[in-house]
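Remarks on the structure that follows.
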Amino acid sequence: MGTCSLVLHRMDQVYARLVDASQHLSSLAALAARWWIAQIFWNAGMVKLQSMTSTIALFRYMYHVPLLPPVWAAYLGTGIELVFPVLLVLGLAGRVAAAFLFWLFVRLSG
């Protein structure tokens with residue numbers, strides 16, 4: 001092999017290692033992003049769980065969920081905020097969990 005082909009072969013090996021490292025980093029970044037979003041909703045669910053009377057009052061007077069009584073909506077919303085973040089972190093039904101949490105965020109903030 002000539003000098004030029006050895007250099008190109010070495011550059012190819014370095015490039016392959018960089019690609020492998022970036023794939024591992026992207027997996028870690030995705031996990032960190034899922035963890036971060038899940039933590040936000042988990043904390044919100046824990047706050048609601050600690051004071052269910054306040055949560056029920058919020059659903060009765062502020063959120064106005066259609067088709068559900070405020071008590072059911074309060075318990076359902078709290079349960080969702082505690083279950084779906086776990087699914088999101090574990091990677092189970094990730095798209096469904098993320099879509100539902102996004103819909104919940106838009107619904108409650110607007």
Side-chain angles (χ1 to χ4, degrees):
M1 272 195 200
T3 309
C4 187
S5 62
L6 285 175
V7 171
L8 289 175
H9 180 66
R10 183 72 177 144
M11 287 175 56
D12 187 42
Q13 288 176 337
V14 170
Y15 176 75
R17 286 185 187 147
L18 286 173
V19 168
D20 287 342
S22 68
Q23 288 175 348
H24 292 298
L25 288 176
S26 69
S27 297
L28 289 175
L31 177 62
R34 287 195 316 259
W35 191 274
W36 180 51
I37 297 298
Q39 182 183 7
I40 293 168
F41 282 97
W42 176 265
N43 290 340
M46 290 304 291
V47 167
K48 286 182 178 138
L49 188 63
Q50 289 173 353
S51 178
M52 280 309 289
T53 54
S54 300
T55 302
I56 292 169
L58 279 173
F59 275 87
R60 180 168 288 137
Y61 300 113
M62 295 269 307
Y63 296 154
H64 303 291
V65 177
L67 304 176
L68 285 177
V71 175
W72 288 18
Y75 281 105
L76 186 62
T78 302
I80 287 169
E81 284 186 341
L82 293 174
V83 171
F84 276 78
V86 174
L87 294 177
L88 193 61
V89 168
L90 294 177
L92 303 172
R95 284 180 173 71
V96 174
F100 195 80
L101 289 174
F102 179 72
W103 174 82
L104 185 66
F105 171 75
V106 169
R107 180 78 178 130
L108 295 180
S109 66

**Prompt:** If you measure from CG on L58 to CE on M52, what distance do you get to the nearest 0.5 Å?
**Reply:** 10.5 Å
**Request:** Return each pair, listed once, that meets side chain to side chain donor-acceptor pair (under 3.5 Å) where at least one residue sits in residues 57-76; pairs must be two or more places apart or across chains.
**Result:** none
**Prompt:** F84 and W103: same hydrophobic cluster, using ILVMFWY side-chain contacts below 4.5 Å?
**Reply:** yes
**Message:** Can you confirm whether L82 sits close enough to V86 that some side-chain heavy atom of one is under 4.5 Å from a side-chain heavy atom of the other?
**Reply:** no
**Prompt:** salt bridge (Lys or Arg N to Asp or Glu O under 4.0 Å): which pairs involve residues 19-31, sequence neighbours left out?
**Reply:** none
**Asked** Do L68 and V106 share a hydrophobic cluster, counting only Ile, Leu, Val, Met, Phe, Trp and Tyr and linking them when any side-chain heavy atoms are less than 4.5 Å apart?
**Response** yes
Solution key, residues 32-50 side-chain donor-acceptor pairs under 3.5 Å, sequence neighbours excluded:
from	atom 1	to	atom 2	distance (Å)
R34	NE	L88	O	3.1
N43	ND2	Q39	O	3.3
K48	NZ	E81	OE1	3.0
K48	NZ	E81	OE2	3.1

**Request:** Could you tell me the separation between the OG1 atom of T78 and the CD1 atom of I56, rounded to the nearest 0.5 Å?
**Result:** 8.5 Å
**Same apolar cluster (I L V M F W Y, side chains within < 4.5 Å links), V89/V83** = no
**Prompt:** Side-chain heavy atoms under 4.5 angstrom apart, residues restricted to Ile, Leu, Val, Met, Phe, Trp, Tyr: same cluster for F59 and M62?
**Reply:** yes
**Fill in**
CG (L31) and OG (S26) are apart, to the nearest 0.5 Å, by 11.5 Å
